[in-house]
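Working notes, beginning with the structure itself.
The figures that follow rest on heavy atoms only: side chains count, while hydrogens, waters and symmetry mates do not. In this text the structure is predicted, and so the values were computed from the model without any measurement. Just so we're on the same page: letters track the sequence lines, and every chain starts at 1.
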Amino acid sequence: MRSGTLDYVVKRVAFALVTIFIVLTFNFVLFRLLPGSAVTDLSRVPNASPALREALAREFGLASSKWDQYLAYLDQLFHGNLGVSYVNQQPVWDNLRTDVANTVPMVALGTVVAVIAGITSGLVSAWRRRTPADYLLTNSAIAFYSFPTQWLGLMLIVLFGSYLPTTGMTTPFQIGGSFWQQAGDELQHMILPSLTIALTLYGQYTLVVRSAVLETLGEDYVLTARAKGVRTRRLLTRHVLRNAMLPIVTLMGLSFGYIVGGALLVETVFTWPGIGLAVYQAVLQRDYPMLQGAFLLLTISVVVFNLLADLLYARLDPRVSG
Amino acid sequence: MALLEVRDLHVWFALPSGRELHAVKGVGLDVERGELFGLIGESGCGKTTTVLALMGLLPSSASVAGSVRVDGADVLSGGEKGARAHRWTETAMVFQGSMNAFSPVKTIGWQIAEPMEIHGVASRRAARARAGELLELVGIPAAAARRYPHQFSGGMRQRAAIAMALSCEPKLLLADEPTTALDVMVQAQILELLQRLARELHLTVVLVTHDLPLVAHICDRAAVMYGGEIAEVAAVDALYHESRHPYTRMLFAATPELLGGKDVTSIPGSPPRLDQPIVGCAFRPRCDSAVVRCATDHPALAEVARGHEAACHLNDPATGVLSVPDAGQPAGGAG
Amino acid sequence: MLPVAALDADADSDARTGGDTGTGASGTGASAGARLRVILRGHRAGVVGAVILLAFTVLAIGAPWFAPYSTTAASGAVFAPPSLHHLLGTNDGGIDMVSLLMAGGRISMLVGFSCAAIAAVPGLLIGVLSGYFGGVVDTVLMRVTDFFIVLPTVPVMIVIAAVWGPSLLHLIVAISVLLWTSTARVIRAQVKSLRERTFVRRARTLGMGNTRVIFRHIVPNVAPLLVANSVVALALAIFYETALAFLGLGDPTATSWGTIIEDAFLRTAISVGAWWAIVPPGICVALVVIGAYLVGQSIEDELNPRLKVAHFSARFWSFRPLVGRGSEAI
Amino acid sequence: STGASSATLLSIGTGYQVDSLNPFVAVESTSLAVFKYTYPSLVQYSTSLGIVGNFATRWSHDASGLNWTFDLHPDAKWSDGKPLTATDVAWTINTVLKYATGGGAQMATYLQGVKSATVSSPTTVVIHLSSPEAALLANLAQMPILPEHVWQKYATGKDGANLRTFSNSPSTGHPDVDGGPFICISYSVNGVSLFERNPDYYGPKPTISGFGLEYFSSATAMVSAVKQGKVDVILNAPPSAIGNLKADKSLMVDTKPAFNESDFFLNDYAKKTSDRELLNPLVHQAFNDAIDRAAIAKIAFDGDAEPAMTPIPLADTYWHDPAVKPPSFDLAKANALLDRAGYKMGSNGVRMADGHPMSYTVILATDELGPRTRAFDIIQSDFAKIGVQLTVKVTDDATAATLELAPSNKFNLAMWGWTPPSADPTFMLNTFSCKQFGGWSETAYCTTEYTKLFNEQATALTSAKRRAIVFQMEAMLAKTPVTYILVYENVNDVWNKQWTGFGETPNGLFSPLTTFGITHVHHA
Amino acid sequence: MSGRSGMSGMSGPILRLDELRTYYPARRNLVDWARRRPRRVVRAVDGVSFEVHEGEILALVGETGCGKTSTIQTVVGGFPATSGRVVVDGRDVTRLSGRRLRAVRRITQMIFQDPYESLNPRLRIRKAVEEPLQVHKLVASRSERRRLASEALERVGLTPAELFVDRFPHELSGGQRQRVAIAAALILNPRLLLADEPVSMLDVSIRAGVLSLIDGLRRERAMAVVLVTHDLSTAAHYADRIAVMYLGRIVEEGPTADVLRNPQHPYTQALLSVVPKSDPRDRFVPRVLEGETPNPANVPAGCRFHPRCPVATAECTVVDPALAPPRASRAAGHRVACILTQGPPPVEEREAAGANNA
Ligand SMILES: Nc1ncnc2c1ncn2[C@@H]1O[C@H](COP(=O)(O)OP(=O)(O)OP(=O)(O)O)[C@@H](O)[C@H]1O
Ligand SMILES: Nc1ncnc2c1ncn2[C@@H]1O[C@H](COP(=O)(O)OP(=O)(O)OP(=O)(O)O)[C@@H](O)[C@H]1O
Ligand SMILES: [Mg+2]
Ligand SMILES: [Mg+2]
């Protein structure tokens, strides 16, 4: 690794770490500044006496000073402990683990589809600039970009609800079945939620890719490549796309935060038992430890993805290494 | 038969407003094998457009008419696809902003080897080896092939661009202001290189520049362009000493000399707008010796001496006046 | 002496100023109106966008006067399909959808405009300070901005809205808090390049103070960019408002397009087939977002003329045989 | 949509999660219903809301009413084959009591007045009370009996906190140790939980092989699912979908008055320092007359509710006093009452009380906002006509609770709702007793007379006598109302007509009251 | 063209640089930081001294990156001087601040290379020209400001001014823009004009117009001009004196004719040899220097030119020569920084030079 690259990597990683630390603190502050403090919410316990509430408050460590709580919180986090859900008294991490496992394939499928479709159509519409194909692709991208995610999901239910499953991850009461049957079933359930994510992202990605490609098409090295006799396909992929990938990678890294938000809405619409739905439930139930844990997880994953995007950028762009 | 034969070349650009910009207006050129040919003119007069048209490299908004023959083969009539077959194997090009002529994410070696691979001139392996040799040829160590463009200085990039242009052993090399962005000393290095290569490889070179002295010393013949047209074509010596077009003459007069000590006078006004039709001679508004006829008649390029053509009514005996002051021996010379 | 009406026709000056030299209307003689017409012609999409935005703004402002029915009392049957009386039918409470959409637009546009306006302040401030002063100021401000950028927007808004409880004000603040980052970044980049532009350097060597340079030379030059970003922020705010409302974090006492979608969703408009209760609010949001996008994009295209050239595209130059002229020249 | 193996599997869609499988933790009514089906309880309700046996076959008490003896099913077994006996009953009761202020607090509410439990034989358990408790059986009907051999290791320490940390959910391949008609074999909060028939169940064997509960985060999806036959039953269909569902020939829509009620209430705290006009009985009556309950039921609740008055819901037929009727909506009368109270109408149309305008903020908790905000709109416009200006403040539940529940008591008016946990009137009546100040009393209503009656009914030994006292209390609350019960909501359970044999209750057909809801369901 | 510097020598120089140094801090990477290497610097200007007198044009020429821009930017305060003195009209601006500094700034004006960039695209021409007056709060009344602006525009050949004042920069050609920039610089009646490659972005055909304008103005108002250019022909044609810069230093300086006809420094000689001549018949034997443009972050020891010098000796690698009169030139003020050519001229030549000077 050249010293420039090392420089860059160390800086990016350090920044990611600092960001995560700030996120941790922000997270703590945000949740300790809530009105209707966590203690009052223990009034969920019917007929609770003040003594009991106090006991519970002690159990959740809410009685000590904020600073001690903060240290305890960091200590707990350091040991991988995100606290205990108010609602089901289970460690937040245990609750979230399955949720994350459910969310990842659905979101990943949608994102991958969106990336592939977005890059293709962005590339094609930039290359076919000012032709009917461009107008079609660009306008549909703008439309998909502008539809509210949850609304788009609902529309898909309207359109495809009778052909494809619209709720949950599996056919509820199908017991047994081979692994492949189950996988096929899960994939079927995944189609609509993933499609919703894919479509919203598709719009955004197409527009981003289109403008990145347009900008690249104006670069002199494209003219050079054309002068060299490079054919269309190679020119578009090796020269144009390869360079346009630089802004695209950065923007896609940034769009991870957007994906997380979209996943939340999509999971609510399709009752996909993932982390988004968990956040939704936690909001409804004021399950602050869950909300806090999920929020932390989401934020850190966004930071990590941005970091990965940055590192990928460094790999793609030799100029980074100075 | 000349290596490059251009006949009545026109290029129009469709503007967003719906209008058309007539950037090249009936240019005709003959460049002989092994010749170093210069194309001079002010900014915006259509030099780049002309050389791009020679390779069919125009943007989609352009439409072209006329014929371009390289080594007898028609480049333009087959459209982009037809033109592509001639690119780099017959005609190669060195661009002005060599800084940007290389993709920043690929190594120099890769980019030099690419045309050899895609034209089937050499296998991938051979192409890489050849890329190193080419770099050596232009005075860069072969090992530098593994480096990226941003790790090269401007001069090195320009040399690499030349190496890249030579990769498929083209017959014709088009160099569009190859030294404009460079420092004087580096410019001298590059010019020396071009001259050497032309000599050693029997290359035919078309050198586009707005720098008169440069053409004077590198090229054998040169064409002066004005407003999308050729104003004058001649051997460089004739251009300077027996110029038959006021524009050429005024252009020389506007160029300071290191030790000449002549008066330097600028050409008043600015070049014509090419998106509007021009009646008469395009240079008339700025010309110091325009006559009445210039306002109405468009002067055609005509032979005024052996191997010397000019598009000026003053050369026409019918105009009656033929007193072209010689820029080479300025009347009010150095004080 | 240069002729008065001289006008550069060279490609260089085109690229630099993003001007439309060659279109003929930018000359001295051209009136402002003609110039505007030329600009508008190059930005048809932007004009369409502006018209959409304007129309929705007018409808929002005029809602109390234009709305045909009350938005709190039933004026028809539950989920009555579109008819002459109710052009878009009624919702689950028998309330006229057209009236509801207009009232909803009022709140949604209010949220949009407020958020865009609020977010423009830190966006401009941080962008200008960071870009102009650079150094430590830049580092600190940009780290702060980066931090806000990596925060996942919707979850943060959820948390903030959940923390403070649902109200329009909280919603606006929650959305604005995260909306300024892209503006700040874009403006910073622009200011950074402006700062190195010769006319700014010239102003500084003239002895002009920083404040004056910023207000006279920097801000006017980033203003179009700020407008472009704010228009997009407006759309995003409306977009986020629907998301928060959908999650039950909107202001339940203020009808917005978001709460209309939420209501329709909660109250099963879809499963009973009442598409008219759920499709139109989504379309409204989409139209505003599209309008804003088109306007923003047009402004940016105008500012970034690099997009005007493409050295390569699916369409190629055309070969035009010369009719009647042949090769008589030469 | 389901394979052959699930032919007798009943799929149920619900909009409420099973929040936990641990009875010390769970609060959602879906969870409590699950416990009814997976754990034994001594007694339970019948679908007509009478108390019938469950694990207990017979019960009796001595003359003092302080010692109750329960005879239990013999030869009962837990699902892991271990014997299910009186020891488990006594252990559960004694453990809950031991940790009543710690981990057992939640279950302790079912053991009001209970002192201890003793085992007199493997099939006999005796429960000892400290004072007579009229609601004992109703309370016991809600209390799940847990397997001692599974739970005892969590009943440790000073506060029994571990009782709450045990997740009690089946891990793959290891079903829960259950003793009710069904065994939980898989569990997912936001997904599907599956329950299988318990072959060793002591009572009448379920007719279905099992059931599944699917959680829907969207009512839309839930309604679509039942329409498309993806689930057999949906619980609590939203009112707006009822018309459409009824039109579907394959579906049965069962609309029944439920225990749920929506209310509008004021702060009656006697020692409050501001807005004391709200303590004026004339105001209480005027407000009562100015609420258009019929309009609220029709418009806000889409007609899927009944106008209400007494806090004991209509569905609770035995305890609901039919004589206490909602007043007729009468703005003139309300205006007259306020005039009589001396609160003059100001020029701006708002009455002045003790020098300040009668202008109040109404606190609205966010849960189930839709109908309630519409109800507020109606009340607001009517109150404007009697010179009372209302504005709304929406808060989340926790904040609303903080504001409304004594001792903070920082509000004037509020809207919320109740769902009584059982058919016993104690819970609802209790919310108006003086000793609930600081507990469940929202209004801080407190009269010695009422409290006396409350104590009397709580210890009444015959239900007839108790009923008379309860009716007296309902009438009393109606006379100077501080809580205006607006409507009793309906419950709309929907099922596919290929099924029949559901046992419905006012809590719906999947309720914590009884095991008869779905145990005997079969194909039509 | 020689003989134009007749006005110098009457009073003190209007601009005097005295061992001026301008260093830019170089970015330090992590490895350097970890190894505690000292922060490196870019020695863009590394000990430059020269004088410019009233009515004189001094051309500053040299390769790209040799520090021309940095030098004049330091004079106008664009960059802080690291050491040395910048004396304008007898006052050292590196020690001035506040009002006194502004007074000096007022008489020092600058023209930038890029006419397309030097005007704010959103300001009308009038505003751009008036701006210096406003900044220095020289004229209170608006009408007076307008009058001065029109006057300045007409002075640079934009007549009638009314046709230009209300236009935006993009409505002007490059040459016109550069004239506007000059007008804006002239409105303060500067005594020193610093022009950083004022015509290199302009077309050959109109360069002469702008340069003649500057030339005319300095004659008419005895303005001193520092003309930065990389085009030796331009320098030859317009400057009274030429200073050749190499890697942050002036390596040769003297009257134009002397430097051109009798270059002493090997670098100057090489530089002159590569300038192509318009006449194809002129002898053109470029003596092209090998190697890359040098890097001011890494200045070689000894004579900074020695690595590229065709005639360098062993001594050159250790001795860093100062400017001194060359042995082989009798011209006054001709100085060179090369140990191989320095040295006192023969006595008779010195006398001749002295006589010439008087
Ligand atoms: N893609 C294009 N679309 C429209 N007009 C164009 C395009 N490219 C060039 N032109 C116009 O065509 C004319 C000739 O341009 P060209 O680039 O060939 O000039 P040039 O002589 O190479 O100038 P320079 O010295 O500035 O490179 C100019 O007026 C220019 O504005
Ligand atoms: N702000 C800066 N920070 C760091 N280094 C700089 C800065 N400005 C200039 N330099 C460096 O200082 C050296 C001298 O630059 P300067 O611009 O003065 O040269 P120049 O002679 O004007 O060159 P050119 O002919 O290209 O304009 C160069 O190596 C340049 O890279
Ligand atoms: Mg060109
Ligand atoms: Mg410079």
Side-chain angles (χ1 to χ4, degrees), chain A residues 34-52 55-56 58-59 84-85 87-91 94-95 98-99 102 153-154 157 161-162 165-177 267-274 277-278 280-281 283-287, chain D residues 1-3 5-6 9-11 13 17 19-22 24-27 100-102 105-106 108-109 159 161 164-167 169 188-192 194 210 212 214-218 220-222 224-225 228 230-231 366-367 395-403 405 421 427 438-440:
Chain A
L34 298 182
S37 84
V39 186
T40 32
D41 210 46
L42 299 176
S43 62
R44 292 167 58 84
V45 183
N47 290 4
S49 63
L52 171 62
L56 288 173
R58 221 174 311 121
E59 183 187 324
V84 173
S85 159
V87 169
N88 71 357
Q89 300 297 319
Q90 294 306 301
D94 288 355
N95 286 341
T98 43
D99 296 337
N102 292 341
L154 293 173
I157 293 182
S162 16
T166 56
T167 41
M169 259 175 73
T170 50
T171 303
F173 309 108
Q174 175 173 316
I175 302 167
E267 289 184 0
T268 311
V269 170
F270 292 98
T271 323
W272 189 267
L277 196 53
Y280 177 64
Q281 298 298 350
V283 168
L284 291 184
Q285 297 164 329
R286 304 287 132 161
D287 189 349
Chain D
S1 65
T2 54
S5 64
S6 57
L9 185 91
L10 183 72
S11 53
Q17 295 165 310
D19 56 349
S20 170
L21 284 178
N22 181 338
F24 292 99
V25 170
V27 293
T101 58
Q106 196 148 308
T109 55
D159 55 3
R164 287 168 60 80
T165 59
F166 177 35
S167 80
S169 51
S188 156
V189 203
N190 288 322
V192 181
L194 287 175
E214 183 175 13
Y215 168 70
F216 288 88
S217 59
S218 102
T220 295
M222 187 167 83
S224 302
Q228 294 169 8
K230 288 177 184 157
V231 292
T366 40
D367 74 336
T395 73
D396 62 272
D397 302 3
T399 312
T402 322
L403 291 172
L405 296 178
F427 182 83
W440 285 123

- Excluding sequence neighbours, so at least two apart, what forms ring-ring contact (aromatic ring centres under 6.0 Å, His included) with A:Tyr280?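 Once residues adjacent in sequence are excluded, A:Tyr280 has no partner under the ring-ring contact (aromatic ring centres under 6.0 Å, His included) criterion.
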
- Which atom of A:Pro273 lies closest to which atom of D:Gly191, heavy atoms considered: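 Nearest heavy atoms, A:Pro273 then D:Gly191: CB-N, 4.3 Å.
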
- For the student: nearest non-hydrogen atoms of D:Glu214 and A:Thr167, plus distance: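 So the minimum-distance heavy-atom pair works out to OE2-OG1, 3.9 Å.
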
- Report the distance from atom CD of A:Gln281 to atom CG of D:Asp19, rounding to the nearest 0.5 Å.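 Nearest 0.5 Å value for the CD-CG distance: 10.0 Å.
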
- Message: Quick check for you: to the nearest 0.5 Å, what is the distance between D:Asn190 atom CG and A:Asp99 atom CG?
- Response: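 Reported to 0.5 Å precision, the distance equals 6.5 Å.
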
- Determine the option with the most heavy-atom pairs under 4.5 angstrom with chain D, choosing from A:Thr166, A:Leu154, A:Thr268.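 Among A:Thr166, A:Leu154, A:Thr268, the one with the most close pairs to chain D is A:Thr268.
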
- Task: Measure distances from D:Ala221 to the heavy atoms of chain A and classify the residue's part below 4.5 Å as side chain, backbone, both or neither.
- Result: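 D:Ala221 touches chain A through backbone and side-chain heavy atoms alike.
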
- Task: Pick one of side chain, backbone, both or neither for D:Phe166, based on which atoms fall under 4.5 Å of a heavy atom in chain A.
- Result: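 Contact with chain A involves the backbone of D:Phe166 alone.
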
- Pick from D:Ser20, D:Ala108, D:Ser218, D:Ser167: which one has the most heavy-atom pairs with chain A under 4.5 Å?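 The residue among D:Ser20, D:Ala108, D:Ser218, D:Ser167 with the greatest pair count is D:Ser167.
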
- Does the side chain to side chain contact (heavy atoms under 4.5 Å, CB included) test come out yes or no for A:Leu277 and D:Ser217, once each step is laid out? CA-CA 8 Å; A:Leu277 196 53; D:Ser217 59; 3.5 Å; yes

